[in-house]
Asks: 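One structure, pasted below without further comment.
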Amino acid sequence: MKIKLNPSSPFNLDATLCCGQTFRWDKQGEWWYGVVGESVLKIRQTENCLEIENTDTHFVKNYLGLHDDLTSILSQISKDKHIKQAIATFTGLRILRQDPWECLISYICATYKNIAAIKRMLLNLSCRLGDKVWLDSYDFYTFPTPEKLAKASAGELAKCSLGYRAKYVHETAKMVYENLVDFERLKKTDYDEARAELLRFPGIGQKVADCILLFSLDKFEAFPIDVWIKRVILRHYKSHFSAEFISKIEDKQSLTNREYEKLSLFGRKYFGKFAGYAQEYLYHYERTLH
DNA sequence: CAAGTGCCTTTATC
DNA sequence: AGATAAAGGCACT
């Protein structure tokens, strides 16, 4: 099946799937394969066209964020030469509409890990506790359900090399399995309320909450601060903070809650209601071209 | 090749 | 409030 891409609404499949927002896509030749929900999706991009297999147009357009008016969003966040450089390099990078449950567990796993290791952990979880699905003679695995993770033994989770994250994943899975969160409701509530709810789960701090809000709960003002974005701020946006604040966070590797809040709030105020888009462009640019 | 460093941080404790 | 330490183990240099 083919989707015609409108030149006035840019899309960059490689940047979108490589930028670190999602961890379960792999490229085989020119095709991207990824398990989304119960099935394996297969996608490739040619000049002005997206070719998809094993899914329907409506679902894929929503998942890939193709309904976002990207031209308008990019013009709104184009505040200075640094973000403009990142946008020029990766025009068409879009924020996916990921499944909140998978996103939540993924980012609990993502703390203090590099992307390769995160992919490995999530693959381990899926192979051991998900269901096998096939496409083109490749094996894939669905992401484990809340029930599966809630009922998994400590030993099974330990084998997935989650480390100290295993107990957070397990506790959080049990809470989700007991219906202590309603993701569809969180999509409709505002940023602050949705964030406060996520912060109740073990293993979810400010940064993880902001990632879940941005990547799966339609909160595009969320501006997650990780080590890479902190570097970007220290390199290009120092002037927006006091000298003593900057020297304080330059010295230490970790941020206090208050310091995190200050950096994240800067992002939200400076870039506006699509700050999260700015964050992704800056993050991907910093990681790949610096 | 071994060993050190860093990793899209959170939590517990003082 | 703020500082400090601890918590897997993999990937990269």
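Remember, predicted model here, so these are calculated numbers, not experimental data. Letters A, B, ... are given to chains in the order of the sequence lines, protein chains preceding strands, and every chain is numbered from 1.
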Asks: Which one, C:dG2, B:dT10, C:dG8, comes nearest to the side chain of A:K113?
Replies: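 Closest nucleotide among those given: C:dG8.
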
Asks: Determine, stepwise, if the pair A:K27 / A:D14 fulfils side chain to side chain contact (heavy atoms under 4.5 Å, CB included).
Replies: CA-CA 9 Å; A:K27 203 173 187 182; A:D14 287 336; 3.0 Å; yes

Asks: Contact class for A:Y283 vs. all strands (heavy atom < 4.0 Å): base, sugar-phosphate, or nothing?
Replies: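 Base contact - A:Y283 has a heavy atom under 4.0 Å of at least one base atom.
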
Asks: Will you find, in the side chains of A:W32 and A:D26, an N or O donor that is under 3.5 Å from an N or O acceptor?
Replies: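 No pair is found: no donor N or O on one side chain lies under 3.5 Å from an acceptor on the other.
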
Asks: So if I take every side-chain heavy atom of A:Y164 and compare against C:dG9, C:dA11, B:dT9, which nucleotide ends up nearest?
Replies: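 The listed nucleotide nearest to A:Y164's side chain is B:dT9.
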
Asks: What is the distance, rounded to the nearest whole Å, between atom OH of A:Y260 and atom C1' of C:dA3?
Replies: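 Rounding to the nearest Å, OH of A:Y260 and C1' of C:dA3 are 20 Å apart.
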
Asks: Do A:F223 and A:Y283 have ring centres separated by under 6.0 Å?
Replies: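 Not close enough - the centres of the two rings lie 6.0 Å or further apart.
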
Asks: Check every strand shown and say whether A:C19 touches a base, only sugar-phosphate, or nothing at a heavy-atom separation below 4.0 Å.
Replies: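 Base: the residue A:C19, judged by heavy atoms under 4.0 Å, touches a nucleobase.
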
Asks: How is A:G20 classified with respect to the nucleic acid when contacts are heavy atoms under 4.0 Å: base, sugar-phosphate, or nothing?
Replies: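 Counting heavy atoms under 4.0 Å across all strands, the contact made by A:G20 includes a base.
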
Asks: In whole Å, I'd like the distance from the CD atom of A:E259 to the P atom of C:dG2.
Replies: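 Result: 8 Å.
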
Asks: Nearest whole angstrom, please: distance from the P of B:dT9 to the CG of A:L255.
Replies: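 Taking atom P of B:dT9 as the reference, CG of A:L255 is at 10 Å.
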
Asks: Any donor-acceptor pair, under 3.5 Å, between the side chain of A:R120 and the base of C:dG9, if you only look at N and O atoms?
Replies: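 For A:R120, whose side chain was compared with the base of C:dG9, there is no donor-acceptor pair (under 3.5 Å).
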
Asks: Which class fits the ring pair A:F143 and A:W101: parallel under 30°, tilted 30 to 60°, perpendicular over 60°?
Replies: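 Answer is perpendicular, since the angle exceeds 60°.
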
Asks: Would A:E51 and A:R44 pass as an ion pair if we require N to O under 4.0 Å?
Replies: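 Salt bridge present between A:E51 and A:R44.
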
Asks: What is the nucleic acid contact for A:F201, judged by heavy atoms within less than 4.0 Å: base, sugar-phosphate only, or nothing?
Replies: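 Sugar-phosphate, no base atom in range.
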
Asks: Between atom CD in A:E280 and atom P in B:dC8, what is the gap in whole Å?
Replies: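 Atom-to-atom, A:E280 to B:dC8, this comes out as 13 Å.
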
Asks: Distance only, no hydrogens: is a donor on one side chain within 3.5 Å (strictly under) of an acceptor on the other, for A:Y107 and A:D210?
Replies: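 On atom types as modelled, these side chains do not qualify, holding no pair under 3.5 Å.
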
Asks: Work out how far the P atom of B:dT10 is from that of C:dA11, and round it to whole angstrom.
Replies: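 Approximately 23 Å lies between the P atom of B:dT10 and that of C:dA11.
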
Asks: Could you state the atom-to-atom distance from CD of A:Q253 to C1' of B:dT10 in whole Å?
Replies: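 Nearest whole value for this atom pair: 13 Å.
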
Asks: For a quick test of reading the model: is some side-chain N or O of A:R258 closer than 4.0 Å to OP1 or OP2 of C:dA1?
Replies: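 For C:dA1, neither OP1 nor OP2 has a side-chain N or O of A:R258 closer than 4.0 Å.
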
Asks: Pick base, sugar-phosphate or nothing for A:I118, based on heavy-atom distances below 4.0 Å to the nucleic acid.
Replies: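 A:I118: no heavy atom of the nucleic acid under 4.0 Å.
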
Asks: Considering every strand and a 4.0 Å limit on heavy-atom distances, what is the contact class for A:Q21: base, sugar-phosphate, or nothing?
Replies: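 A:Q21: base contact, heavy atoms under 4.0 Å.
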
Asks: Quick one: A:E171 CD to B:dT11 P, roughly how many Å, whole number?
Replies: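 So the two atoms are 12 Å apart, to the nearest Å.
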
Asks: Just to be sure I understand the rule, does A:R165 reach a base, reach only the sugar-phosphate, or reach nothing, if contact means heavy atoms closer than 4.0 Å?
Replies: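 Base contact.
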
Asks: Between B:dC8, C:dG2, C:dG9, spot the one nearest the side chain of A:S161, thanks.
Replies: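 Among B:dC8, C:dG2, C:dG9, the one nearest the side chain of A:S161 is C:dG9.
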
Asks: Looking only at atom P, what distance separates B:dC8 and C:dA6, rounded to whole Å?
Replies: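 Per the computed distance, 23 Å lies between those P atoms.
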
Asks: Would you kindly give the CZ-to-C1' distance between A:F23 and C:dC10, to the nearest whole Å?
Replies: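 Taking atom C1' of C:dC10 as the reference, CZ of A:F23 is at 15 Å.
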
Asks: A:Y168 or A:P224: which one's nearest nucleotide on DNA chain B is closer to the 5' end?
Replies: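 By nearest-heavy-atom nucleotide position, the 5'-most residue is A:P224.
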
Asks: To the side chain of A:T111, which of B:dT10, B:dC8, C:dA11 is closest?
Replies: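 Selected nucleotide (nearest to the side chain): B:dT10.
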
Asks: Anti or syn, where syn is a glycosidic angle within 90° of 0; which label fits C:dG8?
Replies: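 Syn.
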
Asks: Between C:dA7 and A:Y112, is there a base-stacking contact, meaning the centre of the base's six-membered ring lies under 5.5 Å from the residue's ring centre while the planes stay under 30° apart?
Replies: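 Stacking is present between C:dA7 and A:Y112, given that their ring centres fall under 5.5 Å apart and the planes under 30°.
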
Asks: Are the side chain of A:Q45 and the backbone of A:L13 linked by a donor-acceptor contact shorter than 3.5 Å?
Replies: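 A pair under 3.5 Å: yes.
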
Asks: Using atom CZ of A:R200 as one end and atom P of B:dT11 as the other, report the distance to the nearest whole Å.
Replies: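 It is 13 Å, rounded to the nearest whole Å.
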
Asks: Using Watson-Crick or G-U wobble geometry with both distances below 3.5 Å, tell me the partner of C:dG8, or none.
Replies: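 C:dG8 is paired with nothing.
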
Asks: According to the Watson-Crick and G-U wobble definitions, with both distances under 3.5 Å, which nucleotide is paired to B:dC8?
Replies: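 None - no nucleotide pairs with B:dC8, as no candidate has both distances under 3.5 Å.
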
